[in-house]
Amino acid sequence: METQTIKNTEKATKTTENISGSEAIVRCLIEEGVKILYGYPGGAIMPVYDELYKYQDKIHHVLTRHEQGATHSAQGYARISGEVGVAIATSGPGATNLITGIADAQIDSTPMVCITGQVFSHLLGSDAFQETDIVGISTPVTKWNCQVTKAEDIPKAIAKAFYIARSGRPGPVLIDITKDAQIEKFDFSYEKCTKVRSYSPVPKTVKGSLEAAAKLINEAKKPLVVWGQGVILGKAEEAFKAVIEKAGIPAAWTILGASAIPTKHPLNVGMVGMHGNYAPNKLTNECDVLIAIGMRFDDRVTGKLDEYATQAKVIHFEIDPAEVNKNVKADIAVLGDAKTTLEAILPLINSNSHIEWHQKFKDLYAIEYEKVIKDDLHPTKEGLTMGEVLKEINIQSKGNAAIVSDVGQHQMIACRYAEFNKTKSNITSGGLGTMGFGLPAAIGAKMAAPDREVVSISGDGGYQMTIQELGTIFQQKAAVKVVVLNNDFLGMVRQWQQLFFEKRYASTEMINPNFVAIAEGYYIKARKVTKREDLAEAVKEMMESKEAYFLEVCVEKEGNVFPMIPTGASVSDVRLE
């Protein structure tokens with residue numbers, strides 16, 4: 001390895017080393033603080049894997065069992081740590097297998113850098129073996145992407161990728177690197193990226209918008225806050241709590257916003273959206289000021305748009321100007337980083353309590369409790385419910401576990417009933433709704449936070465989409481607690497078929513394998529529960545285990561999740577049965 005010194009006209013001298021592009025990739029990752037990455041090797045990325053082998057003492061590569069598992073693991077890592085997750089794959093099918101996770105990360109604003117190998121540059125466009133235009137394919141679902149064909153361009157591309165992925169509204173970035181660029185040698189040096197021309201990650205906050213927003217909040221008689229993941233991504237939890245506590249405003253959350261403040265906080269009035277709580281959904285259409293913080297007015301939250309909060313003045317705190325007025329027109333937009341804007345508005349708002357307004361939430365909660373919650377958590381019928389499983393997990397974890405849920409009925413139940421004392425505790429696929437997300441994301445979450453209890457909650461359908469990642473759990477000795485709520489159906493689709501398609505259960509009933517035997521085949525301790533009297537002891541055994549544990553709970557086959565807002569209906573039309 002040759003070392004030389006070159007003159008940097010702006011600062012001091014900097015040292016360069018003559019190394020290969022593949023070694024440069026690994027060195028760049030180390031410079032960015034990457035300690036764990038997830039991936040799967042192949043021909044076009046093999047030079048990088050050779051260098052990873054040499055740098056095992058500084059960066060740990062996790063061999064997942066599928067490239068999609070690599071992206072979801074990187075997402076779980078990012079979501080619980082707040083750092084950039086990294087996934088790596090070869091060209092062709094390896095690269096295309098990343099796309100689902102990249103799309104998931106894009107819509108859920110998860111910082112992730114994906115590196116793909118590519119065929120030699122002279123073969124580009126020739127339909128060479130395992131050549132795919134991954135840059136073209138990934139363009140709609142990345143925050144930024146690029147292709148590198150020269151080794152000397154690798155450091156700048158990776159530095160830019162990490163800056164873009166983590167700055168402003170986070171998101172996924174993809175860098176496609178040809179094999180000749182990986183092999184070629186060049187004079188390597190690394191400088192972190194701190195800005196990109198024409199890219200302004202955080203918009204300037206207009207002082208007048210803060211004053212106007214504070215005036216509306218101070219004058220409101222029935223204000224309602226709906227917060228999303230922006231509060232967590234912006235590390236604004238304390239500022240957010242200070243604002244709602246001073247103003248005495250009831251606050252409801254989107255599924256990605258859950259855990260920003262504790263579940264049992266007196267101002268936390270529950271979840272909004274299709275399967276959200278009765279009170280915040282109903283009272284969205286009665287509030288006089290709706291304060292949206294770090295959320296994007298997704299259709300699952302708003303229901304029928306032309307009947308959503310039409311009576312209210314809308315204040316939208318948002319870091320991404322593209323989200324303002326996209327779905328719901330804002331009377332006042334407060335642009336900027338959530339922590340900064342919430343801290344700035346705090347001294348401008350008056351102390352308040354809104355006692356009568358809060359009572360309305362309590363009254364509607366009482367209705368929901370009698371018609372839905374009581375039967376979910378304290379059932380008298382024979383079959384086990386998904387809700388009582390979550391109740392037992394709450395008891396054993398004392399609300400300190402990170403819950404990583406897949407997509408379906410169990411996801412909505414987990415979001416509704418899991419108790420959270422800590423931020424970054426609810427990890428799920430929100431915008432894309434990716435079945436198969438839960439198990440690999442839990443692996444990444446556990447590896448990022450080994451001292452935290454991480455519980456994966458899946459249904460029998462989504463679980464089988466990435467069931468092979470049990471092999472990753474075994475190989476990495478990741479002490480993930482894996483729970484499958486088995487109703488022998490694709491439950492969410494079946495619920496819709498029952499309610500809206502006259503019980504025509506087309507292709508939703510599952511004939512499942514022996515899940516316990518499969519887990520045991522991966523040398524993971526496993527147990528199956530079919531009776532209520534065995535549930536508490538089984539959950540206790542799982543939570544006390546120092547190693548990975550698989551628990552299958554057979555729940556009622558045709559249990560439904562309520563409340564529910566039918567597609568195209570108003571939030572006022574939320575159903576309790």
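Small disclaimer: the values here were computed from a predicted structure and weren't measured.
When atom types are taken as modelled, the side chain of His275 and the backbone of Val561 share a donor-acceptor pair closer than 3.5 angstrom. A donor-acceptor pair under 3.5 Å is formed between the side chain of Gln497 and the backbone N or O of Ala506. Thr466 places a side-chain N or O within 3.5 Å of a backbone atom of Gly436 that can act as its donor or acceptor partner. Remark: the backbone N or O of Lys422 is paired with a side-chain donor or acceptor of Ser425 at under 3.5 angstrom. Here the side chain of Gln409 pairs a donor or acceptor atom with the backbone of Gly559 at under 3.5 angstrom. Under the 3.5 Å distance criterion, the side-chain polar atoms of Thr90 are matched with a main-chain donor or acceptor of Ala44. Checked by atom type and distance alone, the side chain of Thr385 pairs as donor or acceptor with a backbone atom of Asp376 at under 3.5 Å. Counting only distance, with no hydrogens or angles, the side chain of Glu51 and the backbone of Val48 share no donor-acceptor pair below 3.5 Å. No donor-acceptor pair under 3.5 Å is formed between the side chain of Ser458 and the backbone N or O of Gly438. Remark: the backbone N or O of Ile134 is not paired with any side-chain donor or acceptor of Thr132 at under 3.5 angstrom.
Looking at every heavy atom in both residues, Thr142 comes nearest to Asn145 through OG1-ND2, 3.7 Å. In terms of heavy-atom proximity, Phe562 sits nearest to Arg575 at CD2-O, 3.8 Å. The shortest heavy-atom contact between Ala74 and Met112 is CB-SD, 3.8 Å. What you find for Ile45 and Gly117 is that their closest heavy atoms are CD1-N, 3.5 Å. Taking both residues in full, the closest heavy atoms of Ala252 and Val272 are given as CB-CG1, 3.6 Å, listed atom of the first, atom of the second, then distance. Smallest separation of non-hydrogen atoms from Phe437 and Ser405: CD2-O, 3.6 Å.
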Give the table of side-chain donor-acceptor pairs shorter than 3.5 Å for residues 363-373, with sequence neighbours excluded, one pair per line with atom names and distance.
{"from": "Asp363", "atom 1": "OD1", "to": "Gln359", "atom 2": "NE2", "distance (Å)": "2.9"}
{"from": "Glu368", "atom 1": "OE1", "to": "Asn277", "atom 2": "ND2", "distance (Å)": "3.4"}
{"from": "Glu368", "atom 1": "OE1", "to": "Tyr278", "atom 2": "N", "distance (Å)": "2.8"}
{"from": "Glu368", "atom 1": "OE2", "to": "Asn277", "atom 2": "ND2", "distance (Å)": "3.1"}
{"from": "Glu368", "atom 1": "OE2", "to": "Arg416", "atom 2": "NH1", "distance (Å)": "3.1"}
{"from": "Glu368", "atom 1": "OE2", "to": "Arg416", "atom 2": "NH2", "distance (Å)": "2.8"}
{"from": "Glu370", "atom 1": "OE1", "to": "Lys374", "atom 2": "NZ", "distance (Å)": "2.9"}

N/O donor to acceptor pairs below 3.5 angstrom from side-chain atoms of residues 397-404, sequence neighbours left out:
{"from": "Ser397", "atom 1": "OG", "to": "Ile393", "atom 2": "O", "distance (Å)": "2.8"}
{"from": "Ser397", "atom 1": "OG", "to": "Gly399", "atom 2": "N", "distance (Å)": "3.2"}
{"from": "Asn400", "atom 1": "OD1", "to": "Asn421", "atom 2": "ND2", "distance (Å)": "3.1"}

If you look only at distance, which donor and acceptor atoms sit under 3.5 Å apart when one is on a side chain in residues 91-109 and the other is two or more places apart or in another chain?
{"from": "Ser91", "atom 1": "OG", "to": "Gln130", "atom 2": "O", "distance (Å)": "2.8"}
{"from": "Thr96", "atom 1": "OG1", "to": "Gly92", "atom 2": "O", "distance (Å)": "3.4"}
{"from": "Thr96", "atom 1": "OG1", "to": "Pro93", "atom 2": "O", "distance (Å)": "3.2"}
{"from": "Asn97", "atom 1": "ND2", "to": "Glu67", "atom 2": "OE1", "distance (Å)": "2.9"}
{"from": "Asn97", "atom 1": "ND2", "to": "Pro93", "atom 2": "O", "distance (Å)": "3.2"}
{"from": "Asp104", "atom 1": "OD1", "to": "Gln75", "atom 2": "NE2", "distance (Å)": "2.8"}
{"from": "Asp104", "atom 1": "OD2", "to": "Ser429", "atom 2": "OG", "distance (Å)": "2.5"}
{"from": "Asp104", "atom 1": "OD2", "to": "Thr434", "atom 2": "OG1", "distance (Å)": "2.6"}
{"from": "Gln106", "atom 1": "OE1", "to": "Lys143", "atom 2": "N", "distance (Å)": "3.4"}
{"from": "Asp108", "atom 1": "OD1", "to": "Gly431", "atom 2": "N", "distance (Å)": "2.8"}
{"from": "Asp108", "atom 1": "OD2", "to": "Gly430", "atom 2": "N", "distance (Å)": "2.8"}
{"from": "Ser109", "atom 1": "OG", "to": "Arg169", "atom 2": "NE", "distance (Å)": "2.9"}

Q.
Run the ring-ring contact (aromatic ring centres under 6.0 Å, His included) test on Trp496 and Phe501 for me, step by step, so that the C-alpha distance in whole Å, both residues' side-chain angles and the decisive distance to 0.1 Å come before the verdict.
A. CA-CA 7 Å; Trp496 283 55; Phe501 293 87; 8.1 Å; no
(Q) Before you tell me yes or no, could you show the steps for Asp406 and Ile457 under side chain to side chain contact (heavy atoms under 4.5 Å, CB included), namely the whole-Å CA-CA distance, both residues' side-chain angles and the distance that decides it to 0.1 Å? (A) CA-CA 6 Å; Asp406 210 271; Ile457 309 284; over 6 Å; no
Q: Could you walk me through whether Glu469 and Thr472 pass side-chain hydrogen bond (donor to acceptor under 3.5 Å, both in side chains), step by step?
A: CA-CA 5 Å; Glu469 299 307 332; Thr472 308; 2.6 Å; yes
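For residues 437-464, every residue pair satisfying the salt bridge (Lys or Arg N to Asp or Glu O under 4.0 Å) rule, not counting sequence neighbours, is listed here: Glu453-Lys481. Applying the salt bridge (Lys or Arg N to Asp or Glu O under 4.0 Å) test to residues at least two apart or on different chains, the pairs with a partner in residues 509-521 are Glu509-Lys557. Among pairs with a residue in residues 377-392, those fulfilling salt bridge (Lys or Arg N to Asp or Glu O under 4.0 Å) read Lys381-Glu556, Glu388-Arg532, at least two apart in sequence or across chains. Counting only residues at least two apart or on different chains, the salt bridge (Lys or Arg N to Asp or Glu O under 4.0 Å) pairs with a member in residues 537-546 are Lys525-Glu541, Arg527-Glu537, Arg527-Glu541, Lys540-Glu544.
Checking Asp488 against Asn512 by side-chain atom types alone, a donor-acceptor pair falls below 3.5 Å. A donor and an acceptor atom, one from each side chain of Arg65 and Gln475, are located under 3.5 Å apart.
Using cut-offs of 30° and 60° on the angle between ring planes, the pair Tyr308 and Phe297 is perpendicular.
With sequence neighbours excluded, the residues satisfying side chain to side chain contact (heavy atoms under 4.5 Å, CB included) with Ala236 are Val231, Ala338, Lys339, Leu342. When the side-chain hydrogen bond (donor to acceptor under 3.5 Å, both in side chains) test is applied to His60, the partners found at least two apart in sequence or on another chain are Gln476. With sequence neighbours left out, the side chain to side chain contact (heavy atoms under 4.5 Å, CB included) criterion links Lys531 to Glu533, Asp534. Taking the side chain to side chain contact (heavy atoms under 4.5 Å, CB included) definition, one finds that Ala548 meets it with Ile473, Ile524, sequence neighbours left out. Checked against side chain to side chain contact (heavy atoms under 4.5 Å, CB included), Lys304 has the following partners two or more places apart in sequence or in another chain: Asp306, Glu307.
How far OG1 of Thr428 is from CG of Asn426: 6.5 Å, rounded to the nearest 0.5 Å. Atom CG of Leu256 sits about 8.0 Å away from atom CD1 of Ile232, to the nearest 0.5 Å. Atom OG1 of residue Thr302 and atom CE of residue Met295 lie 8.0 Å apart, to the nearest 0.5 angstrom. Distance check, rounded to the nearest 0.5 Å: CZ of Phe361 to NE2 of His358 gives 7.5 Å. Summarising the geometry, atom OG1 belonging to Thr116 is positioned 9.0 Å from atom CD1 belonging to Ile88; distances are rounded to the nearest 0.5 Å. A distance of 9.5 Å separates CD of Glu558 from CG of Asn487, quoted to the nearest 0.5 Å.
Within the 6.0 Å centre-distance limit, the rings of Tyr463 and Phe550 are counted as a close aromatic pair. In this structure, Tyr523 has its ring center closer than 6.0 angstrom to the ring center of Phe474. Taking the centre of each ring, Tyr49 and His61 come in below the 6.0 Å mark.
Under 4.0 Å is where a charged nitrogen must lie from a carboxylate oxygen, and between Arg296 and Asp298 at least one such pair does.
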